[in-house]
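Notes follow once the structure below has been shown.
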Amino acid sequence: MADFKTFFNPNSVAVVGASASPGKIGNAVMKNIISSKFKGEIYPINPKGGYIEGIKAYSSLSEIGKPVDMVVISVPAKVCVGVVEEAAGLGIKNLVVLSAGFKETGSEGMELEKRLVDIVKKNNMNMLGPNCVGIMDTITPINASFSSVFPNKGNIAFVSQSGAMLVSLMDWSQETGLGFSRVISLGNKAHLNEADFIDAAADDPSTSVILAYIEDVTDGKKFLQAAKKAAAKKPVIVFKSGTSQAGAQAASSHTGALAGSDLAYETAFKNCGIIRARSITELLNLATAFSSQPIPQNSRVAVVTNAGGPGIITTDAIENSSLNMARFSKDTIETLRQNLPAEANIYNPVDVLGDANEDRFEFALDKVLADSNVDCAVVLVCPTAITDPVAIANTIVNVNKAYPEKPLFTSFMGGTTVEEGVKIVSKAGIPNFTFPEPAIHCIKGMIKYAHAKDNLERSEDSALHYNDVDPRTVKAVFYDVFRDKRRVLLGSETYEVAKAYGIPASPVKLATSADEAAKLAEEIGFPVVMKVASPKIMHKTDVGGVLLNIDSPEKVREGYFQIMDSVQRYLPQVLPYGIEIQKMEPEGTELIIGMSRDVQFGPMIAFGLGGIYVNLLKDVSFRLASNLTIAEITSMIGETKAYTLLKGYRGKKPADLGAVVDVIARVAKLVLDFPEIAEMDINPLFAYEDGLSAIDIKITIS
Amino acid sequence: MLNLYITGAAGSAKTAMAVGLGLKLQQEGYKVSYFKPIGITTATGYNVDEDGLLMQKVLGINHPIETIVPCNTSPFYLTRYHQNEEIIGKITSAYNELSKDSDVLIIDGAIFPHAMASMKLDVASLAKQFNAAVLHMIKIKNDFSLDQAVFFNRYFQCHNIPVVGNVFYNVPRQIMAKTEGVYKEILSDNGFTTLGIVPHRSELTVPTVEQYYQILGGEILTGEDKLDLPVEDSVVGAMTIESALAYLRRAPNKAVVTGGDRADMALAALETDTSVLILTGGLYPDVKVIAKASEKGVPVILVHHDTFTTIERMTQVSNRIKPGDEERIKMAVENVEQYIDWQSIITSLK
């Protein structure tokens with residue numbers, strides 16, 4: 001990861017392309033740096049010299065003659081290379097390139113960008129951008145950007161791949177009072193990318209929440225590493241756009257990179273403890289919650305309300321979010337019963353009734369928060385004629401201070417009537433929402449983070465290790481396949497590969513003539529399965545390419561021609577390699593273990609119910625193969641319905657779960673050992689009471 | 001003077017056979033010449049028959065190309081029907097020229113054995129005129145291909161034209177067993193000889209990006225210097241991106257045909273083993289796609305046809321041996337030596 005020692009708190013900044021004319025970016029940056037109250041030296045660079053915004057301008061970086069910690073560049077792309085070269089020569093380490101006209105404009109721009117990166121890498125420099133809005137740090141403070149707004153000081157670090165999102169969000173945050181520690185616009189990510197800044201934010205003592213808007217991840221491995229490290233220390237909340245088919249296409253044309261599958265992102269985020277926001281609103285709500293409230297110890301939520309309806313709505317939301325309605329202790333219930341009006345609901349949700357004043361709110365809220373069965377609370381305030389929102393707000397702020405370890409959310413439900421009350425709670429750092437559901441989503445997000453953090457701490461145990469695998473055989477098989485100019489292995493070849501890695505597979509042999517087929521069938525033992533051998537045929541059954549339960553040499557010979565003829569009728573262009581002969585295995589619980597290598601995050605393992613209904617039932621769970629542990633595999637199996645079947649469903653004997661875990665681990669080991677495996681599928685994998693048998697294995701290499 | 005007429009369907013490797021056999025016989029000390037009475041000119045190619053030029057160079061024939069290939073045809077030639085006499089005259093005098101100073105004259109068949117039958121210029125009519133024996137080349141697509149071969153053999157027989165035998169050329173490994181075990185036997189049951197079964201060697205048949213470009217036309221957006229990449233397979237990128245990657249990964253050295261507006265598909269293709277990206281519909285791709293392709297060294301061809309027309313045209317790409325392609329010329333000779341009973345061809349001609 002990059003060395004950021006002086007990136008966020010430089011002692012001096014030069015602005016190349018600084019301009020005295022308002023409306024130019026070079027002028028906006030100058031104004032921003034000055035108005036952010038940056039305490040270090042500012043050196044405007046402009047060939048014309050003179051004074052810019054009242055500061056003496058230099059004609060070039062070299063002319064300054066004093067050390068410069070950071071250079072902000074806002075000159076045309078073609079000129080940039082020269083500037084960066086000059087900066088490198090002067091030993092300057094940090095660059096923020098605002099200029100556009102690089103990769104985003106085509107081959108020529110890409111060349112220029114490559115040259116920038118070459119210089120930067122050769123000289124151990126840090127470069128943000130190009131084509132970015134810049135950086136802002138409220139702690140230093142410095143606003144080296146052309147954003148129209150400098151955010152409030154706070155504890156959120158925001159990393160954004162979209163400059164527009166960043167600028168809009170900063171403007172919006174002024175209204176809500178959300179504060180930021182630092183804000184980074186990534187631009188083209190030619191050198192520094194999201195992983196570097198997440199990593200830096202993890203180490204930044206002024207940051208307690210990391211927020212990111214991304215369209216793609218530059219380096220999956222580095223990202224996972226940075227995010228994992230960060231999430232172990234503080235919440236990392238990411239909004240990833242381009243999740244829909246059309247959205248991914250738009251993202252591809254925007255970033256020029258192939259979008260990894262959304263499923264891979266989902267799995268990767270889970271793997272490294274990232275909280276994924278599904279909308280910008282959710283991103284901001286979570287940011288608000290995490291930045292101002294502690295993480296709840298557990299998922300038991302108390303609701304205090306002055307109206308019945310909203311109480312029910314909130315209860316629904318809690319249950320639907322897999323959170324729990326807190327069950328109060330006897331003491332709490334008794335105290336509430338004795339002190340609240342008889343009509344009040346003393347069980348959760350506590351209804352203090354429409355005529356409640358601040359005292360009644362205070363009493364109820366204080367009692368439920370004091371209860372050890374309560375982990376967090378939501379207060380709903382409905383503006384009745386008697387309600388005094390300001391007084392209630394002040395009361396809530398006071399009670400919150402008494403229970404700093406329990407997160408508190410409010411929902412002042414209404415508009416102008418509750419406006420003043422909302423201001424008071426918001427100022428005190430209690431997240432308020434016009435309606436209660438977002439508050440519940442925030443609690444859910446916080447609980448998710450707590451679990452993820454736990455998982456990260458637990459997953460420190462060792463990686464998968466096997467002594468009984470034979471990579472040399474696999475290598476030899478792959479060599480032959482490549483030499484045959486194929487990318488897809490034949491059944492007989494996948495059997496060799498599986499065997500070499502201790503994956504229990506049913507033996508497969510390839511016959512290239514009817515007589516050979518009969519001979520092999522006799523060797524294997526009847527009954528046998530016959531399958532057409534062709535890398536071009538994805539679904540063999542559909543083209544009459546499979547015969548089951550063949551029990552004599554004559555029938556094998558007959559079957560050989562039957563399959564060949566049928567395949568030729570359906571797929572006249574396809575020429576099969578022959579027929580694979582396999583032992584007819586007894587039926588077991590049909591499972592699938594799959595692997596697809598994601599372009600960003602590497603091999604992703606799938607497990608679920610197998611057979612022909614895989615695509616229909618979609619009972620599949622996913623994990624990244626890297627750092628997969630036995631505990632993770634067990635939890636992966638537990639997420640599926642297949643698990644229920646394997647445990648023994650409706651009187652059926654339980655299957656060999658240990659063997660399933662072992663095979664998943666071995667598949668993970670195989671695909672990690674051989675990066676040339678692009679796709680792999682074991683379907684079906686029959687699970688028996690004792691042991692397993694992989695019936696059909698497909699492997700594509702690249 | 002021995003006259004051997006090589007016949008067979010389009011793409012049955014008549015030329016490869018002529019190259020291999022011609023050179024082999026030269027090595028054996030025969031004076032060999034080549035004659036292609038009916039040539040074919042392609043729409044995008046040269047105005048002369050390419051095989052004629054190739055053989056002229058390979059065998060070192062000291063006759064002008066107009067003598068080696070006196071007449072050219074195309075799928076629309078019958079407006080010249082009344083010129084029958086003139087054409088026959090040209091063919092006959094060319095034959096006389098070429099046969100003068102050679103021991104063996106290899107006569108190459110037109111695109112199909114029946115081509116120009118309307119003008120009595122089909123293979124059977126000409127073989128009879130030149131007193132030639134026929135060597136029939138078979139390319140197996142399915143069982144009907146064998147039927148076709150039997151039909152032609154029988155037709156020659158009925159017209160008292162000697163058939164020296166049949167050769168299966170470019171037989172894929174997958175149907176080698178069937179060719180040897182089934183097809184050869186059926187030919188023999190029908191009284192016809194198999195002189196050789198030549199296995200498929202991809203080096204001999206894999207076309208290059210250049211050949212696709214010649215057939216498709218269009219605009220090369222990047223990778224002009226990479227047109228010699230081999231194209232072994234083609235994939236149409238019309239599916240969702242999630243399923244596309246699995247298809248794209250299965251095919252090595254492929255042409256990927258997709259719309260110019262499918263940046264995602266193009267980028268996915270570039271992540272896999274792709275020899276050329278063919279973008280259809282005249283839609284210019286995003287600059288980033290071109291940049292990525294040039295980074296990966298993959299040519300991008302933009303065509304103005306729709307995807308269906310493009311694919312239809314792509315099926316017309318065949319890989320011809322070109323003059324100067326020493327490797328493949330050598331391989332053609334090796335094939336004759338290794339897999340074909342060329343001695344008995346000579347014997348039966350005598």
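The sequence lines fix the lettering, A, B, ..., with proteins before strands; numbering per chain opens at 1.
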Aromatic plane relationship, A:Phe601 with A:Tyr265 - under 30° parallel, 30 to 60° tilted, over 60° perpendicular: perpendicular
Does this structure show an ion pair linking [X] with [Y], if we count only N-O contacts that are shorter than 4.0 Å?
X        : Y        : value
A:Glu111 : A:Lys114 : yes
A:Lys485 : B:Glu232 : yes
A:Lys189 : A:Asp216 : yes

Region of A:Thr105 in contact with chain B, defined by heavy-atom distances below 4.5 Å: backbone
Heavy-atom cut-off 4.5 Å, strictly under: side chain, backbone, both or neither for A:Asp484 against chain B?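 Contact with chain B: side chain only.
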Interchain contact, [X] with chain A, by part (heavy-atom threshold 4.5 Å):
X        : result
B:Asp273 : side chain
B:Asp261 : backbone
B:Lys141 : backbone
B:Glu180 : neither
B:Ala251 : backbone

Would you check, one step at a time, whether the test side-chain contact (heavy atoms from CB on, under 4.5 Å) holds for A:Arg486 with A:Tyr577? CA-CA 12 Å; A:Arg486 270 185 290 129; A:Tyr577 278 73; 3.2 Å; yes
Examine B:Arg313 relative to B:Phe308 and say whether NZ or CZ is less than 6.0 Å from the centre of the six-membered ring and inside a 45° cone about the ring axis.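 Not satisfied by the 6.0 Å and 45° rule.
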CD/B:Glu334: more than 12 non-hydrogen atoms of other groups inside 6.0 Å: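 Atom CD in B:Glu334 is packed in, count exceeds 12.
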Could you list which of residues 218-229 of chain B have a heavy atom closer than 4.5 Å to any heavy atom of chain A, in residue-number order?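 Residues qualifying by a heavy atom under 4.5 Å from chain A are absent, so none.
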Note, A:Cys80 side chain near A:Ser99 side chain (heavy atom, < 4.5 Å):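 Result yes, sub-4.5 Å side-chain heavy-atom pair found.
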Should B:Phe168 and B:Leu187 count as side-chain neighbours, where that means a heavy-atom distance under 4.5 Å?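 They are in contact (side-chain heavy atoms under 4.5 Å apart), so the answer is yes.
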With rounding to the nearest 0.5 angstrom, report the CG to NZ distance, A:Leu112 to A:Lys78.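 The distance works out to 7.5 Å.
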Max heavy-atom pairs within cutoff under 4.5 Å with chain B, candidates A:Ser702, A:Ser513, A:Ala678, goes to A:Ala678
